[in-house]
Amino acid sequence: GGGGNPKGVWEHQEWVRLNDAILHHHQLNWHQTPPSELTVPPELQEEMSLLCQKQSSSVFCVKDPRFTWTLPLWKAYYDEITLIHCFRNPVGFAKSLARVLPHQFHADHHSFNPVFQTWYDMNQALLGYHHSYPTFLFDYDRPFFQLQTQLHDILRRLGFDFSPESILGFLPFHQMT
């Protein structure tokens with residue numbers, strides 16, 4: 001994670017760095033809606049390919065909100081992508097953003113309009129991917145025990161056999177963000 005998100009909250013730094021580089025190439029940050037379709041700068045293409053080749057498994061998960069804008073650019077490196085759309089209510093999103101980026105967003109009603117616009121744009125983009133990628137919706141605002149059940153159901157539908165108890169280790173971030 002960045003300065004406001006020092007724990008990284010499950011974000012893989014190599015993916016974050018490359019997604020940031022793509023966005024910065026277009027003079028954007030992860031919370032800014034691209035005005036048009038993004039492209040991969042030629043100097044990043046080999047790095048993206050090498051990162052994808054380093055994956056020891058054909059099945060893995062990467063959590064990074066930057067994928068909201070960059071996901072189509074990674075399709076060239078994978079035969080199949082399944083999207084787990086983590087939906088969060090706009091007020092929870094705004095409060096989290098104010099906590100992660102306090103110098104840019106404040107937890108008051110005056111600065112929430114751009115945050116709500118970011119929330120809306122990100123969810124519209126993700127909903128737009130549903131026709132291109134197999135998609136599962138994950139409701140982040142459910143009570144903890146329902147998150148556990150929901151994640152177990154998604155993993156089962158993807159063909160993984162995890163006990164609900166084993167998922168607990170993957171959910172501690174829910175209480176932190």
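Atoms considered below: every heavy atom in the structure, side chains included; atoms not considered: hydrogens, waters and symmetry mates. Values in this document were obtained by computation on a predicted structure and should not be read as measured data.
A distance of 11.0 Å separates OG1 of T82 from CZ of R157, quoted to the nearest 0.5 Å. Atom SG of C52 is separated from atom CD of E47 by 11.5 Å, given to the nearest 0.5 angstrom. Taking CE of M48 as the start and CG of L18 as the end, the distance is 7.0 Å to the nearest 0.5 Å. Rounded to the nearest 0.5 angstrom, H26 NE2 and T70 OG1 are separated by 10.0 Å. Note that NZ of K75 and OG of S132 are 7.5 Å apart. Values are rounded to the nearest 0.5 Å. For the atom pair Q148 CD and D153 CG, the distance stands at 12.5 Å (nearest 0.5 Å).
Across V91 and F116, no two heavy atoms sit closer than the pair N-CE2, 4.0 Å. Taking both residues in full, the closest heavy atoms of L137 and I154 are given as O-CD1, 3.9 Å, listed atom of the first, atom of the second, then distance. Across all non-hydrogen atoms, the minimal contact from H31 to T118 is O-OG1, 3.1 Å. The minimum heavy-atom distance linking L83 with L71 is given by the pair CD1-CD2, 4.3 Å. Of all heavy-atom pairs between Q150 and D139, the closest is NE2-N, 2.9 Å. Closest of all the heavy-atom pairs between T68 and A125 is CG2-CB, 3.9 Å.
Relative orientation of the W30 and F93 rings is perpendicular, given thresholds of 30° and 60° on the angle between their planes. Ring geometry for F87 versus W119: interplanar angle over 60°, hence perpendicular rather than tilted (30 to 60°).
No continuous path of ILVMFWY side-chain contacts below 4.5 Å connects I81 to L127, so the two sit in separate hydrophobic clusters. Hydrophobic clustering (ILVMFWY, side-chain heavy atoms < 4.5 Å, transitive): Y78 and I22 are in one cluster. When hydrophobic clusters are built by joining Ile, Leu, Val, Met, Phe, Trp and Tyr residues whose side-chain heavy atoms come closer than 4.5 Å, directly or via intermediates, I84 is not grouped with V16.
Remark: T135 engages no residue in a side chain to side chain donor-acceptor pair (under 3.5 Å) (not counting sequence neighbours). Residues that satisfy the salt bridge (Lys or Arg N to Asp or Glu O under 4.0 Å) test with D121, not counting sequence neighbours, are absent from this structure. With sequence neighbours excluded, the residues satisfying side chain to side chain donor-acceptor pair (under 3.5 Å) with H85 are N123, H130.
Put simply, the side chain of P72 reaches to within 4.5 Å of the side chain of Y129, judged on heavy atoms. For the pair T33/L28, no side-chain contact is recorded, criterion being any heavy-atom separation below 4.5 Å from C-beta on. Two residues are said to be in side-chain contact when any heavy atoms from C-beta on lie closer than 4.5 Å; L147 and F138 meet this criterion.
The neighbour count for E43 CD, taken as heavy atoms of other residues, nucleotides or ligands under 6.0 Å away, is above 12.
Note on R17 versus D20: no salt bridge recorded, every NZ/NE/NH1/NH2 to OD/OE distance being 4.0 Å or above.
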Exercise. Going through the checks in order, is the side-chain hydrogen bond (donor to acceptor under 3.5 Å, both in side chains) test met by Q53 and S49?
Worked result: CA-CA 6 Å; Q53 291 171 20; S49 178; 3.0 Å; yes
Exercise. Are Y140 and N89 close enough, and set up right, to give a side-chain contact (heavy atoms from CB on, under 4.5 Å), and what steps lead you there?
Worked result: CA-CA 8 Å; Y140 187 86; N89 79 62; over 6 Å; no
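There is no side-chain donor-acceptor pair under 3.5 Å between W69 and N19.
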